[in-house]
Amino acid sequence: MRFTTARLCGGRSLMAISADPMDIDLSKAAEAISSRGLDITQQDEMMVVFQWNGMEVTLYRQGKVMYFPLEDKALCIKYATELLESL
């Protein structure tokens with residue numbers, strides 16, 4: 001997978017943006033996330049927000065993944081790749 005990253009929230013969060021077009025089924029993604037014992041704090045037709053590894057993670061339908069707080073671009077891409085490949 002290829003990503004670009006964007007620094008958000010004054011540099012306290014990073015978003016991995018998939019270079020390839022994606023259309024994630026968020027209902028199925030939320031089921032997969034919940035089955036791992038992770039707490040989903042928000043879910044709608046545009047995003048799934050959950051807690052993971054001390055961070056708030058937001059997964060968007062288009063394959064974007066935001067991590068807060070996170071400042072390491074390499075980790076952002078690693079985490080996003082692992083998450084999206086597992087769905």
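Residue numbers count from 1 along this sequence. Since this is a predicted model, take the numbers as computed values, not measurements.
Under a hydrophobic-cluster definition in which Ile, Leu, Val, Met, Phe, Trp and Tyr are linked whenever side-chain heavy atoms come within less than 4.5 Å, directly or via other members, I40 and M66 are assigned to different clusters. F50 is connected to Y67 through a chain of hydrophobic side-chain contacts under 4.5 Å among Ile, Leu, Val, Met, Phe, Trp and Tyr, so both are in one cluster. Taking hydrophobic clusters as Ile, Leu, Val, Met, Phe, Trp and Tyr residues chained together by side-chain heavy-atom distances below 4.5 Å, L26 does not share a cluster with M46. No continuous path of ILVMFWY side-chain contacts below 4.5 Å connects Y60 to L87, so the two sit in separate hydrophobic clusters. Under the 4.5 Å side-chain heavy-atom criterion for grouping Ile, Leu, Val, Met, Phe, Trp and Tyr, M15 is not connected to L75 through any hydrophobic cluster.
Counting heavy atoms from C-beta on, the side chains of K73 and L14 come closer than 4.5 Å. Residues M47 and Q62 have side chains not in contact (no heavy-atom distance under 4.5 Å, counting atoms from C-beta outward). Contact check for D20 versus R2: side-chain heavy atoms found under the 4.5 Å cut-off. E56 places a side-chain heavy atom less than 4.5 Å from the side chain of V49. With contacts defined as side-chain heavy-atom distances shorter than 4.5 Å, the pair Q51/L38 does not qualify. Counting heavy atoms from C-beta on, the side chains of R36 and W52 never come closer than 4.5 Å.
Heavy atoms from other residues, nucleotides or ligands lying under 6.0 Å from CZ of R12 number 12 at most. Within a 6.0 Å radius of CE in M1, more than 12 heavy atoms belonging to other residues, nucleotides or ligands are found.
Annotation for V48 and Q43: closest pair CG2-CG, 4.1 Å, computed over non-hydrogen atoms. Among all heavy-atom pairs drawn from F68 and S13, the shortest one is CD1-CB, 3.6 Å. Contact between G63 and I24 at its shortest, heavy atoms only, is CA-CD1, 3.7 Å.
Here the CG-CD1 distance, from L83 to I33, works out to 6.0 Å after rounding to the nearest 0.5 Å. Within the model, atoms CD of E71 and SG of C76 stand 12.0 Å from one another, a figure rounded to the nearest 0.5 Å.
With hydrogens and angles disregarded, no donor-acceptor distance shorter than 3.5 Å links the side chain of N53 to the backbone of M55.
A side chain to side chain contact (heavy atoms under 4.5 Å, CB included) with Y79 holds for exactly one of V65, L84, L70; it is L70.
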